[in-house]
Amino acid sequence: MISSWTAMSIVLFFFALISSAAIQSSESKYIAYNTTHRIVPEKLNVHLVPHSHDDVGWLKTVDQYYVGANNSIRGACVQNVLDSVISALLDDKNRKFIYVEMAFFQRWWRQQSETMRVKVKELVDSGQLEFINGGMCMHDEATPHYIDLIDQTTLGHQFIKDEFDKVPRVGWQIDPFGHSAVQAYLLGAELGFDSLFFARIDYQDRAKRLNEMSLEIVWQGSKSLGSSSQIFAGIFPRHYDPPDGFTFEINDVSPPIQDDVLLFDYNVQERVDAFVAAAFAQANVTRTNHIMWTMGTDFRYQYANSWFRQMDKFIHYVNEDGRVNALYSTPSIYTEAKHVANEKWPRKTDDFFPYADHPNAYWTGYFTSRPALKGYVRMMSAYYLAARQLEFFKGRSNFGPNTDALADALAVAQHHDAVSGTEREHVAADYAKRLYMGYAETEKLVSSSLAFLAESRSSSRQGNPVANFQQCPLLNISYCPPSEALLLDEKSMVVVVYNPLGWRREEVIRIPVSSEKVFVHDSDGRDIESQLLPLSNATLSLRNYYVKAYTGKSTNGALKYWLAFSASVSPLGFSTYVVSSAKQTGPSSTISMVYTSEGSTDNTIEVGQGSLKLLYSVDEGKLTHYVNSRNQVTALAEQSYSYYFGNDGTDKDPQASGAYVFRPNGTFLIKPDQVPLTIFRGPVLDEVHQQISPWISQITRVFKGKEHAEVEFSIGPIPVDDGIGKEITTQIRTTMKTNKTFYTDSNGRDFIKRVRDFRTDWDLQVNQPVAGNYFPINLGIYVQDSSMEFSVLVDRSVGGTSLVDGQIELMLHRRLLHDDSRGVGEALNETICVLDKCEGLTIQGKFYLRIDHIGEGAKWRRTVGQEIYSPLLLAFTEQDGNNWINSHVTSFSAIDPSYALPNNIAVITLQELENGKVLLRLAHLYEIGEDKDYSMMGSVEMKKLFPNRKINKVTEMSLSANQERAEMENKRLVWKVEGPAEEPKVVRGGPVDPVELVVELAPMEIRTFFIDFDYLKMYGS
Ligand SMILES: [Zn+2]
């Protein structure tokens, strides 16, 4: 195919010489450029795709980028882009432009006149302006949770649907730093996208694909859903900018076409030749006679005419020349052309992690960068999920507080320079501020919804609920004013515990209290066993410092204990517990027994009151064994902390470790000083307190009723006075023979097999044996051998690996002193300040670990993983005597009391939209073959999910709910794949019978519905 192009081009070249001579002889005058060209089947078609890559926050905040403020950092103004692009499109109806980031477009749209809106709608209807991707931002693919990806995309797609009645057909993830399986099948195929385009893959992978012409592929990201969720994916040959010499922002250096014969430097033929040469070069690495030129890059088109003028001329003269066909195009037109070509494409499975753009530049640092922001995003994500449920139970109000601000804040926080941690410090603060403002409004909604539900049987109710609930967003740093208040004689504290999951939960709740004379009872007056655990000095000093930093307030000094008790809560419901001050006689909370290993004669100490025991060596002050007496799982287990020295970029290859790149320069094992273990024991849980170093402490909890250990770490301030940045990791070692293999999740969903120093798609040259084996973790990581599997789950996005058989390593915190030269221009050196005094940021977080017999680990990973993502929500109020309990609804479940969701299915969205529609999303939590009991078709009875409402109609929608599922499936393009076609038959749930209203879900299936209710009956009324 290529050789015939070359032959033809020689002929055409002579023709071109003659025709250009003809042009030169003409007068200088107005030239009407012919830009009407469409695809010419027998020629090489160069699809010019005008685009601007507009980061929803990076060096500047989202609003600064929009209005063009703070231009000393970067001259970027998205308002200029949109204003000038629209005007350039109106000038010539053949011009096209794609727009991607709805967070920006929405800001612009709000400010437009009705006249302008009409014009823009016409541009959209005619296809001149096309929305692609269409989420609020171009989300990161390593560090967000899939529920957040769905939510942020839905928000953008609903906007496009409401304002323009359009459905985006193309994924455009051109900048994210590696690409996830979940992006391909879930945020691609399941949205109804026909194709997905991106730029960043490993440089070794790219070299091989260029060589084999396999940059364009059919990607099957899910082994459970296989070809039913495949997508055509195109990787750009180099990056998302145009070929060299074809960039036309006003300060760019590419030579413009000079076609005025009266001016010097007439260069039409020269530029046409350069265009044709660049086109053939790309055709040499591309299948079919269609290539795409991404005409734009970051924040381009601030003066759009500068680009369009040149593209008009190129299209005109290149087509006059005739060797290739150049046209204004979009990725949708390009995709359609690829589809019509009827080619077979290479198959791709799994994902594109990790990403390296250079032998010493593995972009695996950002998996952990800014762990506090990552933790906050995750916490807010869960809160948003629960709040939407409560908002629905109460009935959405467009006047009172709602979840919209939190939705917006969470959406922009998924941007590839937001939760990824690769933005500047002031921009990270802006994301956190938006999240906090969204939280503050949502908190009011949650309180009033809980009050509404709790008061719904009160005869004195006058419409608006009166109960005054408080919540504790700083509970993670042991700060909770309502629970810390000293309980006076007759007063007691009422704790309402809401469970956003579809199954019943028994879990230990921990709240800080100021008195040791307390007891807990449930709403029926039954005593609940409880335990008091003293706050460690490390916890108290962290609390005092951070409360001051976050709220400006000093903490009350009376806080003494964590009060722990077990709560049992119905699915999508709440329970109520009462904490009262204890009398001289009568029940009282048990104060933990303290055991310190100092001076002990026993060398081994056993921790845990239930089936799970952790054994510690007293001599060495460390974990030695894991024993589960119920299922007889016993393993040697050890844990340590280490750090990597961040490379400062001063050796031969000046690549530093930074916000994006992890480039270690040696490692250091932190040997605990001979500090004894302190152990607290009691009826509810045991805790092991360890001070690992002056700046690392850890509490390991073993709950009586649970068979996993919870590890809470506090790391920081990381010392850097030696001038060396440090990246802090923990290692948990077993003696399992795991054969270089481990498994990590894709955005909290499918698990992907990883093999140390190995890639499925090419022969890996190992340059960075540590950084090159790091993968993103959102849910967990596990290893297995022939008899056991060992799993670790996380509470936020982190980087992780298994560098040695039997071992799992997590990177928990990073503090670095050099920029890694990928654009952010700032060292990742997070600090926190009280008044004028600043210190390195301390991170507190949790991970969870468990060892199972082989084949039994998935149940824990999936069930507890969902519980970690969606923690119980606590709200507090106060009562005198028993008046509150006696006059309120104290236990509630939104679903039929005899019903619970099966263990393999979760409600991931239950939300009343602004237009009154109710959106329900159900997710199967298991992959095919993952678990012998749960990797089966599951079903949900909608009638039992909504027992108090009459369901009128159920409509199955695409993942972002912008089109009916059936319509989406009808439009789906079918792609041919190279190689054997056999795959296990893909299973999906059947259609929902309108009378039975039972939804089936096959492994890894997510199904999205709009539900019309006959009338909205109030709960309990
Ligand atoms: Zn970007």
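Read the numbers this way: they start at 1 and go in the same order the structure lists the ligands and their atoms.
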Has R238 got a side-chain atom pairing as donor or acceptor with P242's backbone, closer than 3.5 angstrom?
yes
Can you count the protein N, O or S atoms that lie less than 2.8 Å from the Zn ion (ligand 1)?
4
Who pairs with R209 by side-chain contact (heavy atoms from CB on, under 4.5 Å), at least two apart in sequence or on another chain?
I201, D205, S214, L215, I217, I235, K348, F352, D761
Name all residues meeting the side-chain contact (heavy atoms from CB on, under 4.5 Å) criterion together with D55; count only those two or more places apart in sequence or in a different chain, and write none if there are none.
H53, W58, D175, D298, F299, H415, H416, D417
With side chain to side chain donor-acceptor pair (under 3.5 Å) as the test, would you mind laying out the steps for D148 and Y384 before giving the verdict?
CA-CA 10 Å; D148 287 327; Y384 176 52; over 6 Å; no
Residues passing the side-chain contact (heavy atoms from CB on, under 4.5 Å) test with P664, sequence neighbours excluded, are Y644, F662, Q768, V770, A771
For the pair E830 and R370, find out whether any cationic side-chain nitrogen is under 4.0 Å from an anionic carboxylate oxygen.
yes
